[in-house]
Protein chains: 2
Amino acid sequence: MLKYQTIANEIENYIETHQLQHGEKLPVLDQLMTQFNTSKTTIIKALDSLEKQGIVFQVRGSGIFVRRKKRADYISLLSNQGFKQELEQFNITSDIIEFNIQKPTHKIAQNLHISLDQDIYYVKRVRHMDGKPFCIESSYYNKAYVTYLNNEIIQNSIFSYIQEGLGLKIGFSDFYMQMDKLTAFEATHLHLQENDPKLIVEQLFYLTNGVPFNYSEIHYHYQYAKFYVFSTNH
Amino acid sequence: MLKYQTIANEIENYIETHQLQHGEKLPVLDQLMTQFNTSKTTIIKALDSLEKQGIVFQVRGSGIFVRRKKRADYISLLSNQGFKQELEQFNITSDIIEFNIQKPTHKIAQNLHISLDQDIYYVKRVRHMDGKPFCIESSYYNKAYVTYLNNEIIQNSIFSYIQEGLGLKIGFSDFYMQMDKLTAFEATHLHLQENDPKLIVEQLFYLTNGVPFNYSEIHYHYQYAKFYVFSTNH
DNA sequence: CAGTGGTCTAGACCACTAT
DNA sequence: TAGTGGTCTAGACCACTGG
């Protein structure tokens with residue numbers, strides 16, 4: 001593990017275990033430098049990382065402060081899959097609706113940047129959070145990279161398996177969001193009425209080398225899906 | 001303007017004017033260092049900034065590549081207000097529904113971290129994009145910081161005025177998202193039916209020193225509001 | 001103006017990719 | 001194993017905040 005990541009983690013743990021409140025001041029740079037026995041650049045890099053995650057904010061000429069204003073019942077839009085799995089605090093279960101190997105449609109081929117005769121894994125699941133139907137997910141994996149999946153894996157976290165089991169490294173992702181009304185089919189799975197609202201999130205995940213390996217279309221329950229995103233102005 | 005920002009801008013312009021495609025390789029670090037007559041750290045910092053904006057991605061051991069997979073009809077969720085105004089490509093107009101100075105409700109006071117007897121500007125607008133009703137925005141500004149607003153300002157970009165006119169510096173922001181059904185009142189303003197879907201986005205904007213100065217609640221038209229977000233795994 | 005965070009440099013060394 | 005990106009250092013200097 002890299003030094004700046006270790007430091008970032010330690011600072012995050014410190015904030016957590018000491019239950020620091022929003023706006024509380026952290027030690028100054030000089031002190032952090034000696035405490036972690038490292039250079040200024042490395043501390044700043046650790047703090048930048050924490051700032052990006054919405055954990056601290058830095059004010060030039062003043063200090064470094066704790067930022068923790070999350071609402072407990074909202075989940076991070078971006079940590080949704082793949083990245084840091086904060087979802088562990090919830091009990092996630094999945095009902096498999098469909099699972100097979102097939103050829104991509106035109107749209108999927110385009111998103112995954114493959115030709116129409118290449119194989120993809122297709123997984124369609126209803127995902128529950130603490131027993132409530134949370135979303136319907138249709139997910140397509142480029143089989144050239146995600147070489148193997150089985151029922152047990154897709155019952156749990158596919159992304160954990162991809163990273164730990166297959167050793168693939170996830171680099172970045174695109175999210176596209178829009179709304180629509182539920183179809184009758186979706187409504188029964190989500191325990192809602194036809195034409196009730198839904199949020200559609202299309203996700204495209206890339207490996208570190210820029211190859212898109214997964215495309216997903218997720219339809220969220222309009223009462224249970226609540227997201228937050230943090231943003232920083234630089 | 002800082003050196004790394006200047007370099008980031010120049011690289012971005014280069015990609016734009018040369019219409020580089022997704023996946024095309026940029027010059028290697030050594031070349032960029034000599035070209036911009038600067039150190040490695042500064043180039044990396046410029047590239048990190050571009051990476052965060054979803055403009056390039058870096059692959060260790062391989063190179064720096066262009067990332068441009070945006071869908072034209074989606075707008076950035078985060079650049080929505082305040083930050084880089086990509087919205088200039090659209091023709092945005094506003095109908096003012098309400099505009100006054102008032103005392104905050106409990107909820108607003110809590111979000112803006114003020115007491116119930118402090119003054120706030122209240123602005124309620126229907127915003128149109130290229131003539132289509134796009135959202136209904138209820139916005140609350142802490143008058144201790146946003147000291148002045150008038151009809152002309154709120155007809156246009158309030159955030160431009162806050163930054164350029166009042167000289168306030170925006171630091172970061174929180175977004176909270178959920179869905180619901182339109183009320184009859186909202187439906188008429190958005191030219192939709194009662195109970196049609198809507199996306200509710202609550203935004204909280206902070207100055208660089210961590211003071212929250214604006215809280216907004218925005219209700220989006222379910223057919224016209226389409227957003228994208230980019231994410232990077234570090 | 002003292003204190004504090006941010007930028008920038010030159011260079012050593014490390015880690016990954018592609019061949 | 002050559003090429004390329006990433007981390008880390010020590011230190012100079014800059015920019016902002018707040019009393």
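Numbers restart at 1 for each chain; the letters A, B, ... are given by sequence-line order, proteins then strands.
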Between CG of A:Asn209 and C1' of C:dT17 the distance, given in whole Å, is 10 Å
Check each of A:Leu207, A:Ile153, A:Leu168 against A:Ile162 using the side-chain contact (heavy atoms from CB on, under 4.5 Å) test, and report the only one that passes.
A:Leu168
Looking for any heavy atom pair under 4.0 Å, which part of the strands does A:Ile64 touch: base, sugar-phosphate only, or nothing?
sugar-phosphate
Has B:Asn100 got more than 12 heavy atoms of other residues, nucleotides or ligands less than 6.0 Å from its CG?
yes
Closest of C:dG5, D:dG6, D:dC16 to the A:Leu29 side chain is C:dG5
The side chain of B:Lys45 is closest to which nucleotide in this list: C:dG11, C:dT7, D:dG11?
C:dT7
Between D:dA12 atom P and A:Ile44 atom CD1, what is the distance in whole Å?
17 Å
Tell me the interatomic distance from A:Phe57, atom CZ, to D:dT17, atom P, rounded to whole angstroms.
13 Å
Residues B:Asp48 and B:Gln58: side-chain donor-acceptor under 3.5 angstrom:
yes
Can the ring centroids of A:Tyr140 and A:Tyr121 be said to lie less than 6.0 angstrom from one another?
no
If you look at every strand shown and take non-hydrogen atoms under 4.0 Å, does B:Ser62 touch a base, only sugar-phosphate, or nothing?
sugar-phosphate
Would you indicate which nucleotide in D:dG6, C:dA10, C:dC8 comes nearest to any side-chain atom of B:Thr41?
C:dA10
On DNA chain D, check which nucleotide each of B:Leu26 and A:Met1 is closest to and give me the residue with the more 5' one.
B:Leu26
Need to verify one output field. Residue with the more 5' nearest nucleotide on DNA chain D, B:Leu2 or B:Val59?
B:Val59
Proximal nucleotide (of C:dT7, D:dC8, D:dT7) relative to the A:Thr42 side chain
D:dC8
What's the closest nucleotide to the side chain of A:Thr38 if the choices are C:dT7, C:dA15, D:dC8?
D:dC8
A:Lys40 side chain: which of D:dT4, D:dC8, D:dC13 is closest?
D:dC13
Length of the line joining B:Leu32:CG and D:dG6:P, which is rounded to integer Å:
12 Å
